[in-house]
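A note on names: the letters A, B, ... follow the listed sequences, proteins ahead of strands, and every chain is numbered from 1.
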Amino acid sequence: MADREYNFNDIEKKWQKIWEEKKSFLSRVNKSKQKFYLLEMFPYPSGRIHMGHVRNYTIGDIVARHKRMKGFNVLHPMGWDSFGLPAENAAIKNNTPPFKWTSENIENMKEQLKRLGFSYDWSCEIGTYKPDYYKWNQWIFIKMLEKGLAYKKVSSVNWCPDCMTVLANEQAENGVCWRCDSEVVQKELEQWFFKITDYAEDLLAGHNEIEANWPEQVITMQRNWIGRSTGVKVNFKLESGEDFPIFTTRPDTVFGVTFMVIAPEHPLLNKISDPKVQEFIKKVKSQSMIDRTSEDKEKEGIDTGLKIINPFNGERVPLYVGNFVLMGYGTGAIMAVPGHDVRDFAFAKKYNLPIKIVIDIPSSPLKLEEMKTAYTDEGVCVNSGEFTGMNNLEAIEKIAEYAEKNSIGKKMINYRLRDWGISRQRYWGCPIPIIYCDKCGEIPVPEKDLPVILPTDVDFKGDAHSPLTRMPEFINTTCPHCGGKARRETDTMDTFVDSSWYYARFTSPDSENIFDKEKADYWMPVDQYIGGIEHAVMHLLYARFFSMILYDLGLLNNREPFTKLLTQGMVIKDGAKMSKSKGNVVDPDEIIQKYGADTVRLFMLFASPPVKDLEWSDKGVEGSFRFLNRIWRFMQKHRELYIKDYSINHEQLSIEQKRLRIELHRTIKLVSHDIEERMQYNTAIARMMELINALYSIPEDELYTDTGKNVFSEIVDKFLPLLNPIAPHFTEELWETFGNKTLLADSEWPAFDEKLTVRDEIEIVFQINGKIKSKVNVSSDITEDEMKKMAYENQKISELIAGKEIVKVIAVQGKLVNIVIR
RNA sequence: GCCGAAGUGGUGAAACUGGUAGACGCACCGGACUCAAAAUCCGGCGGAGGCAACUCCAUAAGGGUUCGAUUCCCUUCUUCGGCACCA
C-alpha cells in the first residue's frame, strides 16, 4: 500500500460536501440537551473575506466544534449585516443597484466561508437587507414610538459632508466621521432619536451581571461613554427673578462662584441684543467640531452684561458666554469657581475675573497670588457661611441637603450619554415607518402595512442623494388616519439598528413574528460572543439597549444578550493592521490555495492567543503546514498498526510505551484545559506538537509489538478528535483512512485517565537560599520528607551547607527543596 | 491631562493560584540522506567566562516584600488603547 499524499484541496472539498449532506451542523431546539449559543459578529458583505474575518470565525469555529463534541446542542449561525454605505458608493461608481451588488457579495463571501470549513448552520442565514428581516426593525421602531422611546426633534446634529448623512455621536468621535474620517460639521435637522438615555442606569447596572465574563476594557469604555456623574442642580436667579439653573458636581465650592458661563446655543441669549455678543456667538457656532474641541482649544468668552444671583450668599456675579460650555450637557450653563476648577481658573485669568478661595489646607493655607492653577484637592471649607470649617467632601453632601431643604436646588444625576440619532439621509437602509400627513401630522405605519419596502430598482444619477427623495411612487401614499394624501419619510435607519437584535432573529429566522418566543427562550442569551474591540461602545452598547427593550416588551427572558464576550486582536503585518491603503493585505484565498483551510486555521490559532494582535508570517504558515504533514506522514506510514477494538493493560506495557501513553493522557488533559477554561489555543496546539514529537522519538519497534499497536491505536482514537476542531477536514480524512465509518464531527471529546497524566519520573531542584544548585530525577510519588532527605544527602548540597547554620528548609511537593543557610 | 493594558532571546510567544525563565514554533547553525539540491530525519541555539563537569549575569530601569518575584507593592521610562472642555 503506497502512502497517500496530503492532498488538502480534494480532502477539504470532500468533507465539506459530506458535512453538508449529513447536515452535521444543523441546530434544532432540543430541551433534553444543554444548549450553547455561539455567535461571531456577522460581517458586512464588502465583497471579499479578509484575514480579520478568518481569524474571528476560526476562533468561533473551534469553540462551536468543541462544544458539540462535549455534548452541547450548539447554535452557530452566520448572516450578513447588509445595509450600509459601501453598497451605495459602489452603485454611484459603476451604476450597479445596491441590492444586486450586496447579493453578489454575499454569495461570494459565503463560498469563501464554506471553503474554510466553518461549522455554520446555514439554514439560519439572515440578511438584514431582506424585507422579512427589516420589517421587524420597523416593528420595533413603532413599539418604541408607542412607549415614548422613539421621538423626533430638531437638533444640531453631526453631518458628514462626504457621506452626506447624519452621524450618531458614537460615530462622530473627535469630530471626524467613523467611516471616512471627513471632518464632521454641525447642522440643524429634524431627526428621529431613540431614548437610550432612559436606559443609562440599566446599561450601567447590567455591567455587574456580565463583568466577570466580559473584557474589563470593554466595560470600562462603556462606563466612560455613559459617563454618569452625581451632583446638584442649583437654581441661581436672574436679576429679573427668573430661575437660572445649573448643574454642578461640586456644590462644596458654591460659595466660590465669581461668574457664570453659558453655552453659545443657550436660548437665553436670544434676548441679548449687544452686537458684540451676537458676533461672538456666531463665530463659535460656525466653528467645526474639530476646531471647537481641538487639543489646544483656547477658552474664549464674552460678558453678556447680565448678572446672576447666587442663592447661597446673595452675591451678584456676571454672566459670560463661553465656547467651552456645552448645550447638550446639564443645563447648558455652569457656575464658575476659578479657585477650584482648572478651566474656570484659566478663564478668570484671561478675562481678569475675581478668584475666591473657599477650600483651603489649614496646615499651609493657599496664597492667591502664588496660585498657578486651581486647587482641586481635598480641604476644609472657608468663606462658606455656615459650612465654614467643614471637610469639603462632607460639605458636598451637606450643601446638597441644604439646597433641597431650602428649595434652591435638587440632587441630580447627569450622563454624558446622549440619545441615539438614527435618521440617515441615505438610500440603502431600512425605511423609517412614518407617514407625514398635513392634517394628522406624523403617523406611524400601521403594523398590518409593514414592512415598508425599500425599492430596489433605483437610479443613482451619479450623486450621493438618496434616490428615495426623487421617487414619487415611494413617497406618495395615503394617511392611515384620515385617508388623505400623505408622504412617506425618506430617511432610513442607522444600520446599527439592524445589528442590535439580529442575535435574537437567528434563533428562528423564518418566524412570522419578530422571532419565536419559545425558541428564543431556549437559545438566548448568546453564551459566547466573539468579535473585534472596535465595537466596544457602539454595537455592543446598542445591542444591550435593544435587548433590554425586547425584555421590557416581554419578548426576551434576559436583559443581557451576551453572557461571555471575547474581543479578538487584529491581524497585523509589518507592524500595521492589514489594510488596502497600507498595501499589506494577504488574501485568504491565496493561502488556502497554497496550504489549505486547515493550515490557515491552525496558523490563526497557533501564532498568538486570541485576545492579542496576530503578526502575519508566511514562514509561520509554512510551519503550521509542516506540522500537519508530520502527523500525516507518521499516521500513513504506520496505519496498519491500527486496531479498532484495542484494549490496554497499562502494567504490561514497556517503559517507552508507558511514557508515550502518559504523554497522550497529559496532552488530552492540558489541551482540554486550554480550550475549555482558558480559550488559549496557541498553547493547546503546542501541547499537541509535543505529543507528535514524542511519537517521532519512540523507537519504531516499540510500536510494532502487540502492546505497541494498542498504544498507537489509542493515540489515533484520542488524538484525532482532539485536533478535529482546529483541523477538521484533515482529521476526518485520517480517521477514515484508519477504516472508521463515523464522523469525527459527531464524536465525543476524548476523555483522559487522571492516573495516567502523571509522569513516573520528574526532575526536582535543590536550592540554597533560593539559588538552584542541583537537579535530580526522582519518582513522581516522592514525599516532601523524602525530598528533604535527598537534598541533605546530595553531595553538592551537603558540601555547600557544611559548617553553615540552617535557618529553614522549604520543600514544595514534586518541585523543589530550598535550604536557607546563614 | 485622566483611565486602562502591555514591555520576556534574532523572532511569534510559553511559564494558568509567587516555586527549574524561554515550552512550542519561526529564523539560523551543524549532521544524516542525496551525484547535487529540495523535502525529510537527528542535533544545537539568551549573554559572558571556562578544555571541562561548571560558574556568573539576565524577564524595560530602579527600589521593596519574600526562603524564593516574569508573577505582588512603589517609583521612573517606553509603547499601545480608551476618554478628553461633561461643569
Side-chain angles (χ1 to χ4, degrees), chain A residues 173-174 215-225 227-229 231 246-250 253 260-261 263 292-295 297-299 322-326 328-337 341-344 346-347 414-418 533-534 536-537 572 602-603 606-609 611-624 626-627 629-630 633 670 673-674 677-678 680 682-693 696-697 762-775 796 806-821:
Chain A
E173 288 184 53
N174 304 321
E216 195 188 322
Q217 194 193 0
V218 175
I219 304 263
T220 307
M221 281 165 71
Q222 291 201 354
R223 268 197 196 121
N224 290 342
W225 190 260
R228 181 187 203 267
S229 51
I246 58 94
F247 173 74
T248 179
T249 56
R250 293 291 305 275
T253 64
M260 309 287 283
V261 192
R292 241 178 114 175
T293 61
S294 69
E295 286 285 332
K297 59 253 163 180
E298 177 79 0
K299 277 159 205 46
N323 63 349
F324 64 99
V325 179
L326 306 170
Y329 186 79
T331 62
I334 62 158
M335 65 179 206
V337 186
D341 180 284
V342 177
R343 281 160 309 164
D344 298 347
F347 195 87
N414 251 307
Y415 304 93
R416 258 179 42 105
L417 183 73
R418 306 292 148 83
I533 187 79
E534 66 272 21
V537 174
I572 304 283
L602 183 68
F603 173 72
F606 181 58
S608 133
V611 293
K612 285 182 78 172
D613 286 349
L614 181 151
E615 175 78 37
W616 181 265
S617 153
D618 292 330
K619 290 286 184 190
V621 178
E622 274 177 45
S624 295
R626 239 187 325 256
F627 173 57
N629 276 289
R630 220 163 122 79
R633 268 194 306 276
L670 295 168
H673 182 243
D674 281 346
E677 320 288 336
R678 304 210 301 158
Q680 190 160 301
N682 54 334
T683 47
I685 292 165
R687 305 279 171 230
M688 290 193 259
M689 287 174 168
E690 282 183 88
L691 178 66
I692 298 305
N693 290 345
Y696 269 85
S697 308
I762 52 170
E763 192 182 49
I764 61 165
V765 194
F766 298 141
Q767 298 178 329
I768 302 286
N769 294 346
K771 296 247 178 206
I772 296 159
K773 295 295 171 187
S774 184
K775 297 178 182 183
K796 180 129 190 235
I806 294 172
V807 181
K808 72 174 163 185
V809 181
I810 294 121
V812 180
Q813 169 71 52
K815 293 246 163 93
L816 56 84
V817 177
N818 184 16
I819 300 173
V820 186
I821 58 171

Please give the distance between the [atom1] atoms of [N] and [M] as a whole number of Å.
N: B:C26; M: B:U40; atom1: P; result: 10 Å
N: B:G22; M: B:G44; atom1: P; result: 14 Å
N: B:U75; M: B:G82; atom1: P; result: 25 Å
N: B:A84; M: B:A13; atom1: P; result: 30 Å
N: B:G25; M: B:A14; atom1: P; result: 15 Å
N: B:A58; M: B:U70; atom1: C1'; result: 12 Å
N: B:G50; M: B:G43; atom1: C1'; result: 23 Å
N: B:A69; M: B:C2; atom1: P; result: 32 Å

Any donor and acceptor pair, going by atom type alone, linking the side chain of [X] with main-chain N or O of [Y] inside 3.5 Å?
X: A:S774; Y: A:K796; answer: no
X: A:N818; Y: A:G770; answer: yes
X: A:N769; Y: A:I821; answer: yes

Return the value, rounded to whole Å, for the distance between atom [atom1] of [X] and atom [atom2] of [N].
X: A:R343; N: B:C2; atom1: CZ; atom2: P; answer: 15 Å
X: A:D344; N: B:C85; atom1: CG; atom2: P; answer: 15 Å
X: A:R416; N: B:G82; atom1: CZ; atom2: C1'; answer: 11 Å
X: A:Q217; N: B:C3; atom1: CD; atom2: P; answer: 16 Å
X: A:N224; N: B:G4; atom1: CG; atom2: P; answer: 10 Å
X: A:I762; N: B:G19; atom1: CD1; atom2: P; answer: 16 Å
X: A:M688; N: B:A23; atom1: CE; atom2: P; answer: 19 Å
X: A:K775; N: B:C54; atom1: NZ; atom2: C1'; answer: 13 Å

From the options [options], select the nucleotide whose nearest atom is closest to the side chain of [X].
X: A:S229; options: B:C85, B:C86, B:G19; result: B:C86
X: A:M689; options: B:A5, B:A84, B:G25; result: B:G25
X: A:L326; options: B:C86, B:U20, B:A84; result: B:C86
X: A:T220; options: B:G19, B:A23, B:C3; result: B:C3
X: A:W225; options: B:G19, B:C85, B:C83; result: B:C83

Is there a side-chain contact between [X] and the phosphate of [N], meaning an N or O under 4.0 Å from OP1 or OP2?
X: A:K771; N: B:G19; value: no
X: A:R418; N: B:C86; value: no
X: A:R633; N: B:A39; value: no
X: A:R228; N: B:C86; value: no

Write down the protein N/O and nucleotide N/O pairs, taken from nucleotides 11-14 of chain B, whose separation is under 3.5 Å; answer none if there are no such pairs.
| from | atom 1 | to | atom 2 | distance (Å) |
| --- | --- | --- | --- | --- |
| B:G12 | O2' | A:A607 | O | 2.7 |
| B:A13 | O3' | A:N682 | ND2 | 3.4 |
| B:A14 | OP1 | A:N682 | ND2 | 3.2 |

Below 3.5 Å between N/O atoms, which protein atoms pair up with nucleotides 42-48 of chain B? Just atom names and distances, please.
none

Can you tell if the side chain of [X] reaches within under 4.5 Å of the side chain of [Y], non-hydrogen atoms only?
X: A:T253; Y: A:M335; result: yes
X: A:V820; Y: A:I806; result: no
X: A:V218; Y: A:I533; result: yes
X: A:I685; Y: A:L602; result: yes
X: A:M260; Y: A:I246; result: yes

Straight-line distance of A:M689 CE to A:R687 CZ, nearest 0.5 Å: 12.5 Å
Pairwise distance CD(A:Q217) to CD(A:Q222) - rounded to 0.5 angstrom: 11.5 Å
Sugar-phosphate, base or nothing in reach of A:I772, heavy atoms under 4.0 Å: sugar-phosphate
Collect all protein-nucleotide pairs involving nucleotides 27-32 of chain B in which both atoms are nitrogen or oxygen and the distance is under 3.5 Å.
| from | atom 1 | to | atom 2 | distance (Å) |
| --- | --- | --- | --- | --- |
| B:A27 | OP2 | A:R626 | NH2 | 3.4 |

side-chain hydrogen bond (donor to acceptor under 3.5 Å, both in side chains) against [X], all qualifying residues, sequence neighbours excluded:
X: A:N693; answer: A:R630
X: A:E615; answer: none
X: A:R626; answer: none
X: A:R343; answer: A:D341

Side chain to side chain donor-acceptor pair (under 3.5 Å) between A:T683 and A:D674, worked out: CA-CA 7 Å; A:T683 47; A:D674 281 346; 3.0 Å; yes
Consecutive-pair stems (at least three Watson-Crick or G-U pairs, under 3.5 Å) that include RNA chain B: B:1-7 with B:77-83, B:10-12 with B:24-26, B:28-32 with B:40-44, B:46-49 with B:54-57, B:60-64 with B:72-76
Partner residues of A:F627 under the ring-ring contact (aromatic ring centres under 6.0 Å, His included) criterion, sequence neighbours left out: none
Glycosidic conformation of B:G62, taking syn as within 90° of 0 and anti otherwise: anti
Side chain to side chain contact (heavy atoms under 4.5 Å, CB included) partners of A:D618, counting only residues at least two apart: A:W616
Partners passing side chain to side chain contact (heavy atoms under 4.5 Å, CB included) against A:R416 (at least two apart in sequence or in another chain): A:W225
First of A:D674 and A:T248 reached from the 5' end of RNA chain B, by closest nucleotide: A:D674
Closest-nucleotide ordering on RNA chain B, the 5'-leading residue of A:K815 and A:G620: A:K815
Distance flag, aromatic centroids of A:Y329 and A:Y415, threshold under 6.0 Å: no
Scan nucleotides 62-72 of chain B against the protein and return all N/O pairs shorter than 3.5 Å with their distances rounded to 0.1 Å.
| from | atom 1 | to | atom 2 | distance (Å) |
| --- | --- | --- | --- | --- |
| B:C67 | OP1 | A:K808 | NZ | 3.3 |
| B:C67 | O2' | A:N818 | ND2 | 3.4 |
| B:C67 | O2 | A:N818 | ND2 | 2.4 |

